[in-house]
Student: 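Dumping the structure here so I can ask a few things about it.
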Amino acid sequence: MQYGLLVMGAPYSSPAPHSALRFSHAVLARGHQIEGVFFYHDGVHNASSLMAPPQDELNLREAWAELNQQHGVQLDVCIAAALRRGLMSESEAQRHGKQASNVASPFELTGLGQLLELQHRTDRLITFA
Amino acid sequence: MATPDALLVIIRHAPHSSNWLREGLDAALVAAAFGQPVHLLFMGQGIMALLKEQGSGAPGQKATLPTIDMLEMYDIDKLWVAEGALEGMHLSADSLVEGVTPIADQEIPGLLQQHAKIFNF
């Protein structure tokens, strides 16, 4: 089965991203596919490359990047939700006159249309909020 | 009752205490702009989004009522509101904006079953 994930919880303040990751690995282990993950609401913070948890804690941003590298899972971040929370790519940082950026590949800033498209493309879209 | 392939967006958060309502409505509007039929169900604290004559919220927060008033322009005309939540908050249907349909709590599982696609905010 083709799965899509919608993640709306922030890392370390909500169990949602961790649950979503565990869910991803569980369904992949059972031979299903994860088409993509869409980060919306406070879930956009998962994409921050400035995330620096203590070394004995899982780095959620790295865990998502690994999911992308090992299984080709697309990682889309809602651009409107991201910008108002201070998450932006290098090109957005330039556009908004900011001195730093914190969203980089494999995360991609994109519109809500991608979420609807993910829902169309998959058999199940599971929300983690 | 439901159009096949319609998206049901459930709103469960009140205005201003968080961004859930605004971002839920954004998702509904984008889906409608993409030509998908969209239905809305307001439950729990979410019914407060429908209260008439509300202003803007906590300092710096925009009002969401103008967005609610705009839904019809996007062909979003099915707005259900859970009756249990209305009673629970001692609100009458008259205190809500025009065009909302109260739905009995026991009918909500049926409504969910009619929609294959649901977003929950």
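So you know, we letter chains A, B, ... as the sequences are listed, proteins then strands, and number each from 1. None of the values given here were measured: they were computed from a predicted structure.
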Student: Using side-chain heavy atoms (C-beta onward) and a distance below 4.5 Å, is L51(B) in contact with L96(B)?
Tutor: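 Yes, at least one pair of side-chain atoms sits under 4.5 Å.
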Student: Which atoms of L116(A) come close to chain B, meaning under 4.5 Å heavy atom to heavy atom: side chain ones, backbone ones, both, or neither?
Tutor: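 For L116(A), the side chain is the part near chain B, not the backbone.
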Student: Do the rings of F39(A) and W64(A) sit parallel, tilted or perpendicular, given the 30° and 60° boundaries?
Tutor: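 It falls in the perpendicular class, over 60°.
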Student: Specify whether W80(B) and H39(B) have parallel, tilted or perpendicular ring planes, treating 30° as the upper limit for parallel and 60° as the lower limit for perpendicular.
Tutor: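 It falls in the perpendicular class, over 60°.
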Student: Is the shortest heavy-atom distance from the side chain of L112(A) to the side chain of F34(B) under 4.5 Å?
Tutor: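 When only atoms from C-beta onward are counted, F34(B) and L112(A) do not touch, as no gap falls below 4.5 Å.
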Student: Sort N120(B) into side chain, backbone, both or neither according to what part of it lies under 4.5 angstrom from a heavy atom of chain A.
Tutor: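 Contact with chain A: backbone only.
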Student: Quick check on the interface: out of A116(B), A31(B), S18(B), who has the most heavy-atom pairs with chain A under 4.5 Å?
Tutor: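 Looking at each option in turn, the highest pair count goes to A31(B).
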Student: Non-hydrogen atoms of chain B under 4.5 Å away: do they reach the side chain of R84(A), the backbone, both or neither?
Tutor: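 For R84(A), side-chain heavy atoms alone lie under 4.5 Å from chain B.
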